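All remarks here apply to the structure that follows.
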Amino acid sequence: MLVVENKVGRPTKCDEVDVRKKLVECATRLFLNLPYDKVSTRLVSQRAGVSSSLIRYYFGNKEGLFEVVIQELASPMYEQTQKVMENANYDSFVEMYSVLFNQLVKQPQLPKLLSQFMLLPASDSKRQIVEQIIIDRSNALHDVIFGKLTKANVLRDDMDPKLCRLSWVSLMMYPFMMPRALFETNKIEIGENFFATLLEHNIKLMSQGFIKKPQDPNSTGSTCQI
């Protein structure tokens with residue numbers, strides 16, 4: 001046992017273990033690998049080696065724990081994007097894409113998890129949680145990024161910034177949402193080498209599609225501070 005409870009819902013602090021962090025880590029692994037309905041508070045607490053009353057104490061209920069898990073999954077990608085996009089230019093755009101893509105290589109289940117809940121009815125509380133986090137963490141930042149890229153003349157003049165953004169999201173997310181059988185049908189072996197090659201391929205597609213390379217005669221080479 002990681003903790004001993006003196007009162008129901010009130011843990012005794014343990015110097016070696018952050019119980020709340022342990023619960024979030026165990027819940028994250030479970031939510032990424034199992035359907036939401038199959039992840040019970042009892043299962044999470046068993047994996048964490050603590051009493052299930054601690055989930056009520058820290059998060060209120062399973063839904064509260066789920067919200068924290070989604071927030072913590074989204075935060076590193078959001079923070080990385082902010083760091084990389086200090087300058088809106090070709091190099092920073094490519095670096096941002098590479099950083100986020102490699103984050104998904106480490107957590108390939110995340111796109112499927114998000115899409116699973118976004119397909120639920122709009123009234124479903126789980127969809128509302130995911131939708132609000134996307135709005136708070138992603139949409140506003142992407143609006144800034146693609147707005148600044150347009151202003152900095154990094155996007156091609158004949159391309160619609162909104163559609164460029166949609167293409168960017170598709171190239172980022174869809175490879176991780178494809179059924180494994182499609183890879184097998186196309187004789188593609190999934191692994192580090194494949195994703196490294198795919199990353200390079202996607203960057204070439206964007207560079208020859210809607211992003212101006214610095215050496216492009218139509219590019220001003222300008223940057224715009226975010």
Side-chain angles (χ1 to χ4, degrees), residues 21 23-44 46-48 55 59 61-81 96-142 145 163-203 205-206:
K21 181 179 179 181
L23 285 167
V24 172
E25 289 174 350
C26 292
T28 299
R29 287 194 291 270
L30 290 168
F31 282 127
L32 285 174
N33 291 285
L34 294 174
Y36 181 87
D37 292 341
K38 297 294 184 182
V39 180
S40 65
T41 56
R42 181 178 181 182
L43 179 59
V44 174
Q46 284 178 342
R47 294 292 178 89
I55 292 178
F59 311 103
N61 52 30
K62 186 174 84 168
E63 193 171 282
L65 175 59
F66 173 74
E67 182 172 1
V68 171
V69 165
I70 298 299
Q71 287 278 11
E72 297 208 2
L73 283 171
S75 290
M77 301 184 75
Y78 177 80
E79 291 164 4
Q80 287 288 349
T81 303
M96 178 188 70
Y97 183 88
S98 301
V99 167
L100 296 181
F101 188 90
N102 286 321
Q103 286 279 345
L104 291 179
V105 171
K106 296 176 183 177
Q107 293 179 323
Q109 309 97 324
L110 181 57
K112 286 184 180 179
L113 178 71
L114 296 179
S115 64
Q116 171 190 345
F117 293 106
M118 289 303 293
L119 290 173
L120 294 172
S123 59
D124 190 284
S125 59
K126 297 183 289 299
R127 170 175 168 172
Q128 292 172 0
I129 288 171
V130 172
E131 202 168 51
Q132 192 58 51
I133 290 172
I134 290 175
I135 292 171
D136 292 343
R137 293 285 190 174
S138 177
N139 286 358
L141 184 58
H142 290 170
I145 289 171
L163 296 181
C164 291
R165 174 174 164 177
L166 181 61
S167 297
W168 180 83
V169 172
S170 300
L171 290 171
M172 176 75 67
M173 305 288 277
Y174 184 67
F176 302 97
M177 298 172 65
M178 285 178 61
R180 187 169 292 269
L182 286 180
F183 287 105
E184 295 171 354
T185 300
N186 288 281
K187 299 180 180 180
I188 295 174
E189 184 176 346
I190 303 174
E192 290 185 10
N193 290 338
F194 165 71
F195 284 117
T197 302
L198 182 60
L199 172 60
E200 184 178 350
H201 172 77
N202 287 348
I203 290 172
L205 283 178
M206 291 187 291

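Values in this document were obtained by computation on a predicted structure and should not be read as measured data.
- The salt bridge (charged side-chain N to carboxylate O under 4.0 Å, His left out) test applied to E184 returns no partner, not counting sequence neighbours.
- Of all the heavy atoms in V69 and V24, the pair that sits closest is CG2-O, 4.1 Å.
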Which side-chain N or O atoms in residues 105-116 pair as donor and acceptor under 3.5 Å with protein atoms at least two apart or in another chain?
unit_1, atom_1, unit_2, atom_2, d
Q109, NE2, N33, OD1, 3.3
S115, OG, P111, O, 3.2
S115, OG, K112, O, 3.0

### side chain to side chain donor-acceptor pair (under 3.5 Å) assessment of E63 paired with S125
CA-CA 8 Å; E63 193 171 282; S125 59; 2.6 Å; yes
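- Separation of atoms CG (L205) and NE2 (H201) is listed at 4.0 Å; rounding is to 0.5 Å.
- Partners of S98 under the side chain to side chain donor-acceptor pair (under 3.5 Å) rule, at least two apart in sequence or in another chain, do not exist in this structure.
- Pairs of residues two or more places apart, or lying in two chains, that qualify as salt bridge (charged side-chain N to carboxylate O under 4.0 Å, His left out) and include a residue from residues 192-203 are E200-K204.
- Taken from CD1 in I129 to CG in D124, the straight-line distance is 8.5 Å, to the nearest 0.5 Å.
- Annotation for N186: atom CG counts as buried by contact number, over 12 foreign heavy atoms lying within 6.0 Å.
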Distance-only criterion, 3.5 Å: show the donor-acceptor pairs between side-chain atoms of residues 168-178 and protein atoms not counting sequence neighbours.
unit_1, atom_1, unit_2, atom_2, d
S170, OG, L166, O, 2.9

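- Here the side chains of L34 and L43 are in contact, with some heavy-atom distance below 4.5 Å.
- K126 forms no cation-pi arrangement with F66, by the criterion of a distance under 6.0 Å to the ring centre and an angle within 45° of the ring axis.
- By the 4.5 Å heavy-atom criterion applied to side chains, L32 and L73 are counted as neighbours.
- Interatomic distance, CG of N202 versus CZ of F101, reported as 6.0 Å (0.5 Å rounding).
- Not less than 6.0 angstrom separates the ring centroid of F117 from the ring centroid of F31.
- Once rounded to the nearest 0.5 Å, the distance linking CD of E25 with CZ of R47 reads 14.0 Å.
- Here OH of Y97 is found 10.0 Å from CG of N102. Values are rounded to the nearest 0.5 Å.
- A distance of 10.5 Å separates CE in M206 from SG in C164, rounded to the nearest 0.5 Å.
- For R127, the salt bridge (charged side-chain N to carboxylate O under 4.0 Å, His left out) partners at least two apart in sequence or on another chain are E131.
- Closest approach of I55 and T41 over heavy atoms only: CD1-O, 3.3 Å.
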